[in-house]
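Structure first, commentary second.
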Amino acid sequence: AEHNPEGRPKCLMEFGGRSLLARHLELLSRFGIHKADLVIGYEADRIIDHVGRLFSRPDVAFHFNPRYELGSVLSLLAARETLEADGPVIVMDADVLYHPSILQALLDTDIGNCYLLDRDFADGEEPVKIAVRDGVMVEFRKQVADGLVYDTIGESVGFFRFETECAGAIARECARFDAEGLGDAPHEEVLRNVLLQHPDWFGFEDVSGMPWIEIDFPEDVVRAQAEVLPAIRAEYPEF
């Protein structure tokens with residue numbers, strides 16, 4: 001509570017005087033993204049009000065997930081209409097502070113269905129890991145099974161790019177989870193299923209060395225302020 005005294009949703013927490021969400025939307029706008037879809041649930045009114053006050057942002061469409069207290073698979077499902085539309089989509093967690101080059105890597109990639117991998121990570125139970133064998137992703141999960149053979153492992157940044165066919169498959173898998181009573185699952189489980197069913201669809205960009213952090217715990221807030229933001233501002237003073 002001391003690190004978030006106003007009880008804000010994580011995407012509205014401020015670093016360097018600006019919210020994570022404001023930074024997300026400004027970077028998207030700066031990189032030429034003119035339409036963004038935002039899935040909301042907890043403190044939805046507060047988020048809508050905040051977005052309405054921002055002037056440097058794409059057009060934002062809101063998708064309300066009334067079951068936000070369950071798993072994030074339902075948040076992804078709330079954006080089904082967007083996932084099933086034509087053209088590539090970028091899916092991003094909102095609670096991340098990151099170097100602009102990380103988003104640039106996802107926008108510039110030639111990989112149609114792309115994950116982002118950071119080899120410089122502290123292992124543990126929280127990071128969602130990507131395991132790679134011979135250039136192919138073979139696992140995407142917090143817990144990697146004992147005995148899994150891989151030659152590279154890193155943490156997923158939580159940002160993805162999907163082409164139309166893949167995005168549609170992800171939307172259908174979200175709907176299947178919901179229909180089968182698996183609505184308390186994290187959305188990573190859906191992405192994992194589609195990845196393991198069609199490993200040849202996917203590739204990854206290595207963003208190791210670029211500063212970023214997901215805000216999950218009080219120590220993440222401290223590290224974001226003390227390390228990550230200064231590292232980004234060393235290259236982007238106006239960030």
Side-chain angles (χ1 to χ4, degrees), residues 20 24 27 31 71-73 76 83 88-167 169-170 173-174 177 185-217 219-220 223-224 227-232 234-236:
L20 294 176
H24 266 311
L27 283 177
F31 288 140
S72 54
V73 67
L76 200 51
L83 290 171
V89 296
I90 288 177
V91 175
M92 306 175 75
D93 290 343
D95 57 352
V96 182
L97 179 69
Y98 57 95
H99 193 290
S101 295
I102 290 177
L103 179 56
Q104 187 87 59
L106 202 55
L107 296 174
D108 289 351
T109 187
D110 294 326
I111 299 166
N113 301 301
C114 185
Y115 285 46
L116 297 181
L117 177 147
D118 181 1
R119 288 173 288 104
D120 302 328
F121 77 108
D123 201 355
E125 293 186 3
E126 196 56 34
V128 176
K129 297 156 195 78
I130 299 172
V132 180
R133 182 169 67 241
D134 299 327
V136 177
M137 293 186 287
V138 294
E139 185 57 288
F140 173 69
R141 220 174 204 178
K142 289 185 177 183
Q143 296 300 117
V144 174
D146 292 339
L148 180 73
V149 178
Y150 56 85
D151 48 54
T152 303
I153 192 163
E155 182 175 2
S156 167
V157 176
F159 300 166
F160 312 89
R161 182 192 194 278
F162 302 120
E163 294 284 2
T164 304
E165 183 182 6
C166 182
I170 288 166
E173 186 70 354
C174 287
F177 267 54
H187 68 287
E188 287 90 357
E189 287 298 296
V190 161
L191 301 185
R192 176 181 187 266
N193 284 1
V194 178
L195 169 66
L196 296 184
Q197 286 160 11
H198 306 280
D200 55 317
W201 283 5
F202 296 90
F204 63 91
E205 294 284 356
D206 189 326
V207 295
S208 304
M210 299 181 195
W212 69 281
I213 190 167
E214 182 180 8
I215 307 300
D216 281 322
F217 303 108
E219 55 265 31
D220 298 331
R223 206 177 132 232
E227 296 175 34
V228 178
L229 185 60
I232 297 169
E235 290 186 47
Y236 285 85

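Worth knowing before you read on, the calculation uses all heavy atoms, side chains too, and leaves out hydrogens, waters and symmetry mates. Just so we're clear, the structure is a prediction, and the values are computed from it rather than from any experiment.
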Inset, instruction - Could you grab the distance from atom SG of C174 to atom CG of L191, nearest 0.5 Å is fine? - result: 7.5 Å

Legend entry - Contact summary for M137 and G203, nearest pair of heavy atoms: CE-O, 3.4 Å

Inset, instruction - Look only at the side chain of K129 and the backbone of G124, and say whether a donor-acceptor pair between them is shorter than 3.5 Å. - result: yes

Legend entry - Any residue meeting side chain to side chain contact (heavy atoms under 4.5 Å, CB included) with I111, in chain and number order, not counting sequence neighbours: T109, C114, E205

Legend entry - Any side-chain heavy-atom pair of E189 and V73 under 4.5 Å: no

Inset, instruction - Would you please test F162 and I170 for side chain to side chain contact (heavy atoms under 4.5 Å, CB included) and show each step? - result: CA-CA 9 Å; F162 302 120; I170 288 166; 3.6 Å; yes

Under 3.5 Å, which donor-acceptor pairs link side chains of residues 93-102 to any protein atom two or more places apart or in another chain?
unit_1	atom_1	unit_2	atom_2	d
D95	OD2	K10	NZ	2.9
Y98	OH	H24	ND1	3.0
H99	ND1	S101	N	3.0
H99	ND1	S101	OG	3.3
H99	NE2	E235	OE1	3.4

Inset, instruction - Return the minimal non-hydrogen interatomic distance between R223 and W212, and the atom names on each side. - result: NH2-O, 4.4 Å

Legend entry - Euclidean distance, H187 NE2 relative to R192 CZ, rounded to 0.5 Å: 14.5 Å

Inset, instruction - Please assess E125 against K142 for the test salt bridge (charged side-chain N to carboxylate O under 4.0 Å, His left out), listing each intermediate value before the final yes or no. - result: CA-CA 6 Å; E125 293 186 3; K142 289 185 177 183; over 6 Å; no

Legend entry - Exam field: side chain D220 to backbone F217, donor-acceptor pair closer than 3.5 Å: yes

Legend entry - Minimum heavy-atom distance between A167 and V89, given as atom pair plus value: CB-CG2, 3.9 Å

Legend entry - Side-chain heavy atoms of H198 within contact of N113, under 4.5 Å: no

Legend entry - Over 12 foreign heavy atoms within 6.0 Å of CG, D110: no

Would you list the atom pairs, donor with acceptor, under 3.5 Å between side chains in residues 147-160 and any protein atom, with sequence neighbours excluded?
unit_1	atom_1	unit_2	atom_2	d
D151	OD2	D134	N	2.8
S156	OG	G158	N	3.2

Legend entry - Where A169 and V194 come nearest, the two heavy atoms and their spacing: O-CG2, 4.2 Å

Inset, instruction - Can you measure from CG (L103) to CE (M92) and round to the nearest 0.5 angstrom? - result: 4.5 Å

Inset, instruction - Could you tell me whether the side chain of F31 reaches within less than 4.5 Å of the side chain of D108, counting heavy atoms only? - result: no

Legend entry - Closest non-hydrogen atom pair, R119 against L117: CG-CD2, 3.5 Å

Inset, instruction - Give a yes or no on whether the backbone of G112 and the side-chain of R161 come within a donor-acceptor separation of less than 3.5 Å. - result: yes

Inset, instruction - Over all heavy atoms of both residues, which pair between D120 and D118 is shortest? Give the atoms and the distance, please. - result: N-OD1, 2.9 Å

